[in-house]
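Order of appearance sets the numbers: ligands from 1, and atoms from 1 within every ligand.
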Amino acid sequence: MKNISLNIDKALGTVTKEQVYAQAAKANECNATLQNGNGAGNDFLGWLHLPSSITDAELTDIENTANVLRSKCEVVVAIGIGGSYLGTKAVVEALNNSFDWLHTDRKNPVLVYAGHNIGEDYLYELCEILKGKQFGLINISKSGTTTEPALAFRMLKKQLEDAVGKEEAKHRIVAITDAKRGALRTLADQEGYKTFIIPDNVGGRFSVLTPVGLLPIAVAGISIRELVAGAVSMEKATDVSVPFAENMAEIYAATRNELYKSGKKVEILANFHPKLHYIAEWWKQLYGESEGKDGKGIFPASVDLTTDLHSMGQWIQDGERTIFETVISVEEPNHKVVVPTDEANLDGLNFLAGKRVDEVNKMAELGTQLAHVDGGVPNLKITMPEVSPYYIGQLFYFFERACGISGYMLGVNPFDQPGVEAYKKNMFALLNKPGYEKESEAIRARL
Ligand SMILES: O=P(O)(O)OC[C@H]1O[C@H](O)[C@H](O)[C@@H](O)[C@@H]1O
């Protein structure tokens, strides 16, 4: 079995290999801090050995629950926001057929999302499309108190109960939340829903390999065992005992921190396969919430290429030189398409006839890498042998491990997100939530 790999050669220039390797001891020390659990936020390290500690019984329970929903529902709505939906969406978008919704001969229910926005039209359209359909709900919230999913669940629960009755609805609703705390826990216990627990020591953005991600991913018909197996292999490969030169999590953390120190304040995660779009969205939450604090942190951005070369390409090539790029490169696509010959050759593309589309894509990728490096954009490359559950599992764990190390190298607590509360406080004050009377008064005086 191959592994995903990291190449930093084309990032060297702005910073040297010596500079990166001079950080080896610090990176390893930060990795040890994670492993020994003696750093900031050490009550949120449950994700560290999560892959290797998931039991067969736990996976079977998740699969059985997924099978109940799969047998009863044409559509399953995964309700959640942030870490409670991005990992699922990343896996499902990467592995599902790009035109999934057009497939009428379905083996899997359609997975749709709610509770990740407060768009009224989105909710209206979702409720409309669910009318007359057999549907189920997976309500996911670590805290159990987040407004966006709670609002969506309130509406969809009512619609489901009105459609199939309260008793049957209970069999089509699964709640994934804290073991004891939160409104969702109270509601689930009271209604008697099947529940799964998000461990206390696993933060939302590190929770994709708990039932938060595993249940909806299994509902979509994707092998959660392969996903976990990939993560287990990466847990070993990034262990503190693995020397720096072979430890891709430590190298990634050290390189990005050196680039940051040299003025590269933005990291752009790029892919050349549109199916990886949500991997980047998941990564943005992971790194944004983990490192963006105390007035510090690389800004995580993303582009889908070659699409965005026709929009953001100019900026990346020639704009302010404060960026570096990390490309996720896929070695072998899952399908083969060959460019046909055309006798008239009016488009002048016969020079490509007989070549795979991926060969064209790969040359675009290489050409872009060289152009961006020439333009002063250091380039890191993560290679995935193929887009499969196993390698996505590796990628998830690699990014998580590197994020913990990188946050410690930066000198922040990578496991909290105090800044996220600011908008919530204002929103509650503006909506006159009971208990926010003082804040309501103060905020209105500012308007
Ligand atoms: O799972 P929940 O508790 O509903 O939280 C969902 C998300 O929203 C919060 O505001 C946090 O910033 C995120 O880290 C979290 O993933």
Side-chain angles (χ1 to χ4, degrees), residues 40-41 43-47 50 77-91 113-119 123 137-157 173-188 193 195-217 278-294 297 299-300 396 399-400 403-404 407 412-431 433 436:
D43 42 350
F44 282 100
L45 292 174
W47 56 273
L50 185 69
V77 189
I79 304 171
I81 196 165
S84 292
Y85 101 103
L86 283 166
T88 299
K89 183 123 175 157
V91 176
Y113 302 86
H116 57 308
N117 61 55
I118 324 177
L123 261 179
L137 307 173
I138 308 176
N139 193 11
I140 311 169
S141 179
K142 162 107 166 96
S143 61
T145 56
T146 308
T147 309
E148 290 89 339
L151 189 64
F153 182 64
R154 174 184 279 228
M155 294 198 54
L156 294 167
K157 172 183 185 278
I173 297 176
V174 179
I176 307 179
T177 190
D178 188 89
K180 296 189 198 80
R181 286 181 298 268
L184 178 54
R185 167 54 58 192
T186 314
L187 185 84
Y193 300 147
T195 63
F196 288 95
I197 292 168
I198 309 172
D200 267 353
N201 59 358
V202 180
R205 58 187 174 276
F206 289 87
S207 69
V208 59
L209 298 171
T210 71
V212 167
L214 298 182
L215 179 65
I217 290 167
Y278 272 91
I279 297 271
E281 297 303 314
W282 170 85
W283 169 89
K284 284 196 273 192
Q285 187 205 6
L286 182 66
Y287 280 79
E289 285 195 342
S290 300
E291 294 194 318
K293 54 196 65 160
D294 308 335
F299 183 82
F396 277 158
F399 275 136
E400 288 179 358
C403 184
V412 298
N413 173 357
F415 306 113
D416 65 1
Q417 58 285 331
V420 183
E421 297 311 310
Y423 101 89
K424 295 183 188 171
K425 215 175 95 195
N426 286 348
M427 177 177 74
F428 293 144
L430 290 164
L431 288 168
K433 183 173 175 173
Y436 283 75

For this session: Please tell me if the side chains of Leu286 and Phe396 come closer than 4.5 Å, counting only heavy atoms from C-beta onward.
Result: no
For this session: Considering only NZ, NE, NH1 and NH2 on the basic side and carboxylate oxygens on the acidic side, decide whether Lys180 and Asp200 come within less than 4.0 Å.
Result: no
Which pairs of nitrogen or oxygen atoms, taken one from ligand 1 and one from the protein, are under 3.5 angstrom apart?
| from | atom 1 | to | atom 2 | distance (Å) |
| --- | --- | --- | --- | --- |
| ligand 1 | 1 (O) | Ser84 | OG | 2.6 |
| ligand 1 | 1 (O) | Lys142 | N | 2.7 |
| ligand 1 | 3 (O) | Lys142 | N | 3.4 |
| ligand 1 | 3 (O) | Ser143 | N | 2.7 |
| ligand 1 | 3 (O) | Ser143 | OG | 2.7 |
| ligand 1 | 3 (O) | Thr146 | OG1 | 3.4 |
| ligand 1 | 4 (O) | Ser141 | OG | 2.6 |
| ligand 1 | 4 (O) | Thr146 | OG1 | 2.5 |
| ligand 1 | 10 (O) | Lys424 | NZ | 2.7 |
| ligand 1 | 12 (O) | Glu289 | OE2 | 2.7 |
| ligand 1 | 14 (O) | Gln285 | NE2 | 3.3 |
| ligand 1 | 14 (O) | Glu289 | OE1 | 2.7 |
| ligand 1 | 14 (O) | Glu289 | OE2 | 3.4 |
| ligand 1 | 16 (O) | Gly83 | N | 2.8 |
| ligand 1 | 16 (O) | Gln285 | NE2 | 3.1 |

Exercise. Would you call the rings of Tyr287 and Phe399 parallel, tilted or perpendicular if under 30° counts as parallel and over 60° as perpendicular?
Worked result: perpendicular
Exercise. If you count the non-hydrogen atoms of other residues, nucleotides and ligands that lie under 6.0 Å from OH in Tyr436, is the total more than 12?
Worked result: yes
For this session: Taking side-chain contact (heavy atoms from CB on, under 4.5 Å) as the test, write out the residues that go with Lys89, two or more places apart.
Result: Tyr85, Glu93, Tyr113, Tyr278
Problem set entry | More than 12 heavy atoms from other groups under 6.0 Å of NZ on Lys425 | no
